[in-house]
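Encoded as structure tokens, the structure appears first; notes follow it.
Whatever order the structure lists ligands and atoms in, that order sets their numbers, starting from 1. The residues of the chain are indexed from 1 along the displayed sequence. Basis for what follows: all heavy atoms, side chains included, without hydrogens, waters or symmetry-related copies.
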Amino acid sequence: LTVLISLLTVGAFAQKQQQLLPADQEISLKYGADRLGKRHDDSMRKFRDNRLGAFIHWGLYAIPGGEWNGKVYNGAAEWLKSWAKVPADEWLKLMDQWNPEKFNAKAWAKMAKKMGVKYVKITTKHHEGFCLWPSKYSQYTVAQTPYKKDILGELIKAYNDEGIDVHFYFSVMDWSHPDYRYDIKSKEDEAAFNRFLEFTDNQLKELATRYPTVKDFWFDGTWDASIKKNGWWTAHVEQMLKDMLPGVTINSRLRADDYGKRHFDSNGHLMGDYESGYERRLPDPVKDVKVTRWDWEACMTVPENQWGYHKDWSISYVKTPLEVLERIVHAVSMGGNMVVNFGPQADGDFRHEEKELADAIGKWMQEYGECIYGCDYAGWDKQSWGYYTRKGKDVYMVVFNPPYSKLLVVKTPKGTKVTKAVLLDGKDIGVKETARNEYNVNMPAKAPAGPFVIKLQIEEDASVTDKYRDALT
Ligand SMILES: C[C@@H]1O/C(=N\OC(=O)Nc2ccccc2)[C@@H](O)[C@H](O)[C@@H]1O
């Protein structure tokens with residue numbers, strides 16, 4: 001059974017990955033990818049150059065924090081309604097307790113600024129159906145709680161005032177709505193789900209109209225058969241939002257094509273503007289180099305799998321700031337963005353672990369952020385000491401694992417020479433050519449206490465010939 005499950009999992013995973021068909025064998029699609037290759041307009045360039053984002057998962061689930069009727073559930077806290085099998089009407093009564101007296105949007109924005117994030121993705125509505133904005137299409141919104149005020153509006157203003165972009169997380173699956181269907185098995189299902197899709201269109205138009213500075217929509221809750229059978233609607237939503245908000249970016253997770261294929265269409269082409277399947281996992285720096293061909297954004301939790309606030313983080317492993325930092329650098333080194341998750345408490349404050357994490361990441365970004373922001377895949381072979389990133393002619397070495405030899409091996413592509421190696425303060429630490437396209441970069445005399453960055457000066461000339469001769473074997 002285990003073998004079968006792992007084969008299925010690999011199969012499913014492989015399905016999700018891009019498998020291009022020869023151009024002459026491509027099938028015609030009405031709702032497949034609208035574009036081949038990366039977008040290069042200013043909005044997408046900003047999305048890409050931002051590189052580091054934060055997720056905010058905040059909803060009614062923060063009130064029980066993983067516990068229901070005295071039982072603590074180990075699953076993701078934002079799914080507690082499902083784990084504890086709570087009926088929607090009972091779950092939504094939590095709205096009567098929604099009154100985050102410590103909520104301060106400006107303080108949240110300052111925390112994000114200090115962490116060095118360039119954008120924040122906010123759960124406008126998660127699977128539970130509770131809206132952080134006063135939607136006129138639902139009775140389950142902040143307007144109907146003791147708090148009353150427009151939390152989403154307050155947050156957007158506060159983040160934008162700090163120069164931080166705001167992205168919207170939006171769950172299509174809505175457990176509060178009587179017309180939601182997991183599958184379409186009857187005419188009644190079809191009629192109900194069409195009403196649901198119209199409701200969802202209205203909420204999306206409402207969000208785009210009320211908050212025109214939003215830069216991205218990150219769709220979730222789109223894996224059910226009901227959506228896969230309505231690929232046309234996912235294509236329509238992408239076009240509708242792009243018509244309303246020119247430049248807005250849309251994640252691949254929204255999209256299903258004519259045959260229900262998600263993320264990548266039946267011809268293997270990415271739908272949406274960036275792949276959004278790397279959730280709590282990252283592409284392998286050697287085996288998955290193909291991801292560098294398209295834009296992608298990963299998202300991660302600090303515990304093993306908690307997006308919403310859970311009162312007891314001892315139930316699973318909690319990543320250290322250095323483990324979070326390495327995932328951020330790993331993503332950028334492969335041409336991706338990383339979004340680190342925060343699950344605010346019901347009272348509107350953050351748990352100390354998240355405050356400390358934001359502080360630690362922020363301190364590192366303050367000193368070394370130039371190897372992250374505006375950087376991309378360098379195209380050099382991965383080495384054990386860490387990761388490369390690149391911005392124009394500058395190649396950065398981000399060192400996580402300094403070798404006992406104190407020599408950092410660098411192997412460059414054909415025609416590329418390393419001419420200098422400096423620390424970010426400009427101090428030359430020395431580089432020596434050891435073979436064709438191979439160099440030893442010295443560790444700084446005083447090894448830094450944590451991950452640090454070396455900047456390489458390079459010369460690229462594909463026509464170069466060299467003094468080396470390959471061994472005749
Ligand atoms: C960001 C996360 O997104 C989710 N779900 O994502 C997925 O289910 N992702 C997924 C699904 C199938 C395969 C791989 C990833 C939500 O259920 C969760 O509460 C959180 O908001």
Side-chain angles (χ1 to χ4, degrees), residues 5-6 8-18 53-66 73-84 86 91 117 119-132 167-176 180 182 216-228 234 250-256 260-264 270-272 274-284 288 291 296-310 316 319 324 327 331 336-344 354:
I5 289 170
S6 48
L8 284 173
T9 312
V10 169
F13 178 67
Q15 251 252 322
K16 182 93 73 71
Q17 289 304 300
Q18 186 192 37
F55 234 137
I56 294 283
H57 271 77
W58 202 29
L60 298 177
Y61 41 79
I63 296 171
Y73 291 78
N74 291 351
E78 71 284 356
W79 275 73
L80 179 62
K81 175 188 177 296
S82 176
W83 313 137
V86 184
W91 179 264
V117 300
Y119 65 101
V120 176
K121 303 184 96 97
I122 306 170
T123 50
T124 57
K125 180 179 83 170
H126 204 263
H127 311 330
E128 64 183 3
F130 175 62
C131 305
L132 287 186
H167 295 189
F168 285 165
Y169 165 108
F170 184 90
S171 174
V172 174
M173 176 172 71
D174 183 333
W175 293 330
S176 77
Y180 184 76
Y182 292 95
D216 171 87
F217 281 78
W218 198 90
F219 286 93
D220 193 23
T222 51
W223 47 77
D224 287 324
S226 53
I227 297 289
K228 292 199 273 192
T234 72
I250 304 288
N251 71 329
S252 62
R253 196 178 290 193
L254 163 67
R255 295 296 305 280
K261 277 278 283 126
R262 299 183 61 234
H263 296 271
F264 293 91
L270 181 68
M271 296 183 279
Y274 59 95
E275 186 191 0
S276 55
Y278 287 103
E279 179 187 309
R280 296 184 295 124
R281 63 189 176 93
L282 280 170
D284 180 281
D288 298 326
V291 303
W296 57 280
E297 177 194 70
C299 54
M300 63 173 290
T301 51
V302 181
E304 190 274 329
N305 184 17
Q306 293 296 338
W307 299 92
Y309 173 78
H310 194 292
S316 79
K319 297 174 197 69
V324 171
R327 285 165 172 78
N337 287 17
M338 175 56 85
V339 183
V340 179
N341 185 71
F342 291 79
E354 292 182 344

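Listed by number with element, the atoms of ligand 1 under 4.0 angstrom from any heavy atom of D220 are 3 (O), 4 (C), 5 (N), 6 (O), 16 (C), 17 (O), 21 (O). Near W223, the atoms of ligand 1 lying under 4.0 angstrom from a non-hydrogen atom of the residue are 5 (N), 6 (O), 7 (C), 8 (O), 17 (O). Interface of H57 with ligand 1, defined as ligand atoms under 4.0 Å from a residue heavy atom, comprises 1 (C), 20 (C), 21 (O). When each atom of ligand 1 is checked for a heavy atom of Y169 under 4.0 Å away, the hits are 21 (O).
The aromatic rings of W218 and Y169 sit parallel, their planes meeting at an angle under 30°, below the 60° perpendicular limit.
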Could you walk me through whether N337 and Y274 pass the side chain to side chain donor-acceptor pair (under 3.5 Å) test, one step at a time?
CA-CA 10 Å; N337 287 17; Y274 59 95; over 6 Å; no

Tell me, with the steps shown, if Y119 and D216 meet side chain to side chain donor-acceptor pair (under 3.5 Å).
CA-CA 10 Å; Y119 65 101; D216 171 87; over 6 Å; no

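Among the atoms of R253, some N or O lies under 3.5 angstrom from an N or O of ligand 1.
Of the candidates H263, R253, R262, T222 forms a side chain to side chain donor-acceptor pair (under 3.5 Å) with just one, namely R262.
With ring centers used as reference points, H127 lies under 6.0 Å from W223.
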